[in-house]
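Read the structure below first, then the notes.
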Protein chains: 2
Amino acid sequence: MHTALSTDHFSPSGVIVAPGLQSLRIVDEPWGLTQGRTRSHASDEEIFSEGSRAAFFYKVVSGAVRTFKHLSDGRRQIDAFHLPGDLFGIESGDEHRFSAEAVGAATLVSYRRCSFEIQASARGQLGPEIIAAVMRSLERAQSHMMLLGRKSALEKIATFLLDMAKRMAKDDEFDLPMPRIDIADHLGLTIETVSRCLTQLEREGVIRLPASRHVVLRNKAILRRLRA
Amino acid sequence: MHTALSTDHFSPSGVIVAPGLQSLRIVDEPWGLTQGRTRSHASDEEIFSEGSRAAFFYKVVSGAVRTFKHLSDGRRQIDAFHLPGDLFGIESGDEHRFSAEAVGAATLVSYRRCSFEIQASARGQLGPEIIAAVMRSLERAQSHMMLLGRKSALEKIATFLLDMAKRMAKDDEFDLPMPRIDIADHLGLTIETVSRCLTQLEREGVIRLPASRHVVLRNKAILRRLRA
DNA sequence: CGCTTCCTTGATCTAACTCAAAGAGAGTGG
DNA sequence: CCACTCTCTTTGAGTTAGATCAAGGAAGCG
């Protein structure tokens with residue numbers, strides 16, 4: 001495991017450093033957020049865990065992050081994958097209600113959670129952006145409930161592929177950042193069912209899988225129909 | 001169907017009416033919300049539907065409401081039941097992303113959604129309460145994903161019963177406001193499976209069902225264990 | 001080159017679904 | 001008050017989508 005990739009110290013990022021000054025001001029942030037610090041994380045490194053103090057929230061710079069919960073016996077549900085630009089780890093209470101881990105190597109910016117930002121997100125300039133992130137999470141969670149509760153395995157896979165495509169730079173050919181087990185735990189399936197559905201879609205010419213992590217969408221119309 | 005229960009006109013509620021004045025001020029509202037109007041809805045009456053303009057959001061006064069989405073072929077997922085005191089129908093975009101219907105007869109207060117309340121929920125006094133409602137929805141949605149994706153039928157039913165219990169006045173004996181089909185569409189099951197699980201729990205002495213809508217929790221410890 | 005980890009494929013099993021039909025209430029009208 | 005209807009719920013029998021169990025295969029890394 002590349003623990004070398006992960007430094008134990010945060011380093012300032014995207015800032016104008018006035019030598020000798022403590023208070024840094026981030027300027028390439030569209031968020032108006034202050035106090036962000038960039039850090040690299042090794043694959044599978046824990047970012048925070050369920051029940052831990054929610055002192056920070058995060059933005060993905062590169063790579064990907066999974067947020068998930070465990071049941072007592074170890075069953076896992078990945079509620080979301082977070083890609084570059086996404087905020088995650090925002091809480092209204094003082095504990096994280098999920099665990100978060102890097103999916104592959106990832107770079108994140110962390111923001112110290114000040115007393116004023118959620119409850120009285122009211123007056124801060126950062127309020128609106130955080131609220132937008134929360135609303136987006138809610139919308140994602142709500143459509144994911146439809147998927148988990150009512151879609152078949154093939155419909156889940158089709159939905160997942162189209163959703164990833166929309167979020168990636170190229171929307172008809174991309175690399176999946178996560179292994180099959182993560183896809184399974186996100187879609188409420190097993191790894192074998194995920195694999196079989198992908199194989200089926202490839203056999204039918206809907207997608208191509210030149211490598212297990214590389215997907216080419218050959219027929220999005222069919223995928224959209226399959227998505228239900 | 002008792003359409004008589006449903007009036008087509010809203011009536012002011014909980015307000016001090018200064019005769020001749022247009023601007024009313026609600027005083028029994030903990031929300032600082034203005035412009036609320038109370039209305040009764042008949043069983044199964046539509047409150048709003050997916051894709052409609054989100055001009056209002058609502059608070060349940062009595063009865064219950066289900067919010068849900070449909071798939072193209074009619075499969076339904078009920079994302080949540082809303083009980084007295086709950087806010088629902090809050091959107092960041094300008095359309096409702098769910099449909100809402102009364103579960104049994106229900107009384108609701110509607111609030112006109114002003115331009116300022118979500119995006120710039122910032123300065124209004126009503127911001128914090130709305131944000132709290134949104135955060136609660138998010139938390140519910142997130143634990144519901146765990147349920148839908150990873151729990152067995154019996155675990156789903158146990159979770160559901162304990163959750164309802166916690167939200168009702170008496171937490172060990174209550175009436176279910178909704179029929180089996182709604183429970184099924186909320187938990188990602190069929191009506192038959194819901195019925196079989198309830199019967200099984202009754203056979204095992206964990207609950208009693210003196211009437212199909214009336215539940216007595218006889219052994220919450222076992223239920224909590226079953227919930228996983 | 002040889003681990004090790006991830007992915008695929010096949011065979012079998014089972015939880016939950018589907019289909020079918022019989023109770024059980026609740027409301028209606030004679 | 002009783003018979004009738006309608007809707008909701010329960011129960012049973014059979015089916016199936018997806019899980020589980022069990023090998024293999026491929027790709028990355030040391």
Side-chain angles (χ1 to χ4, degrees), chain A residues 1-5 42-44 66 71 73-77 103-105 147-158 160 175-203 207-215 226 228, chain B residues 1-5 42-44 73-77 103-105 147-158 160 175-203 207-215 226 228:
Chain A
M1 200 156 287
H2 298 266
T3 43
L5 274 178
S43 189
D44 301 317
R66 58 181 168 253
L71 243 35
D73 66 353
R75 278 172 287 175
R76 184 177 68 155
Q77 176 67 40
V103 177
L147 176 146
L148 292 170
R150 287 296 178 225
K151 290 190 185 180
S152 72
L154 203 57
E155 290 167 345
K156 287 175 177 181
I157 293 290
F160 174 72
D175 282 300
L176 292 170
M178 73 292 285
R180 298 288 187 265
I181 184 66
D182 284 3
I183 301 177
D185 285 349
H186 183 48
L187 302 181
L189 297 171
T190 59
I191 183 176
E192 293 95 332
T193 299
V194 170
S195 181
R196 278 185 251 268
C197 288
L198 288 171
T199 303
Q200 183 187 339
L201 289 174
E202 184 169 36
R203 263 204 317 273
I207 64 172
R208 281 206 323 123
L209 285 166
S212 74
R213 299 287 185 95
H214 191 81
V215 187
L226 281 175
Chain B
M1 200 158 285
H2 299 267
T3 44
L5 274 177
S43 190
D44 301 318
D73 65 353
R75 279 171 287 175
R76 184 177 68 155
Q77 175 67 40
V103 177
L147 176 146
L148 292 170
R150 288 293 178 229
K151 290 190 184 180
S152 72
L154 203 58
E155 289 168 345
K156 287 175 177 180
I157 294 290
F160 174 73
D175 283 299
L176 293 170
M178 73 292 287
R180 298 287 186 266
I181 184 67
D182 283 2
I183 300 176
D185 284 350
H186 182 49
L187 302 181
L189 297 171
T190 59
I191 183 176
E192 294 95 332
T193 300
V194 170
S195 181
R196 277 186 252 268
C197 288
L198 289 171
T199 302
Q200 182 187 340
L201 289 174
E202 185 169 35
R203 261 203 321 271
I207 64 172
R208 280 204 326 121
L209 286 166
S212 75
R213 299 287 186 94
H214 191 82
V215 187
L226 281 175

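Chain letters run A, B, ... following the sequence lines, proteins first, then strands; residues in each count from 1.
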dist B/Phe160:CZ -> B/Leu198:CG (nearest 0.5 Å) comes out at 9.0 Å
Taken to the nearest whole Å, CG/A/Leu189 to P/D/dT20 is 11 Å
Note: B/Arg150 and B/Glu155 closest approach over all heavy atoms is O-OE1, 4.3 Å
A/Gln200 atom CD is separated from C/dC7 atom P, nearest whole Å, by 19 Å
**OP:** Compare all side-chain heavy atoms of A/Pro177 with those of A/Arg213 and state whether any distance is below 4.5 angstrom.
**Re:** no
note: B/Asp182, atom CG; D/dC8, atom P; distance rounded to Å ~ 10 Å
dist B/Arg196:CZ -> B/Thr190:OG1 (nearest 0.5 Å) comes out at 7.0 Å
Under a 4.0 Å heavy-atom criterion, the protein footprint on nucleotides 11-16 of chain D, written with B, S and -, is BBB---
Separation between CD (B/Glu202) and OG1 (B/Thr199), nearest 0.5 Å, reads 7.0 Å
message = Donor-acceptor check, side chain of A/Arg180 to backbone of A/Glu192, threshold 3.5 angstrom: yes or no?
response = no
Could you go step by step and tell me if A/Asp182 and A/Arg76 meet the side chain to side chain contact (heavy atoms under 4.5 Å, CB included) rule? CA-CA 9 Å; A/Asp182 284 3; A/Arg76 184 177 68 155; 2.7 Å; yes
Output for pair (B/Leu201 CG, B/Ile207 CD1), nearest 0.5 Å, gives 5.0 Å
Here the distance between atom P of D/dA19 and atom CG of A/Asp73, to the nearest Å, is 15 Å
Closest of C/dT18, D/dA19, D/dC8 to the A/Thr190 side chain is D/dA19
As a check of understanding: the bend across the helix from C/dC1-D/dG30 to C/dG30-D/dC1, end axes from five pairs, rounded to 10 degrees, works out to 30°
Rounded to whole Å, the CG-C1' distance (B/Leu209 to D/dT9) equals 11 Å
From CZ of A/Arg76 across to C1' of D/dA19 the rounded distance in Å is 17 Å
Rounded to the nearest 0.5 Å, the CG atom of A/Leu147 sits from the CG atom of A/Leu187 at a distance of 6.0 Å
Out of C/dC6, C/dA16, D/dT9, minimum distance to the side chain of B/Ser152 belongs to C/dA16
When rounded to whole Å, the NZ to P distance for the pair B/Lys151 and C/dA16 reads 13 Å
B/Leu176 CG to C/dG25 P, in whole Å, measures 16 Å
Tell me what B/Leu198 touches on the nucleic acid: a base, only sugar-phosphate, or nothing, going by heavy atoms under 4.0 Å.
nothing
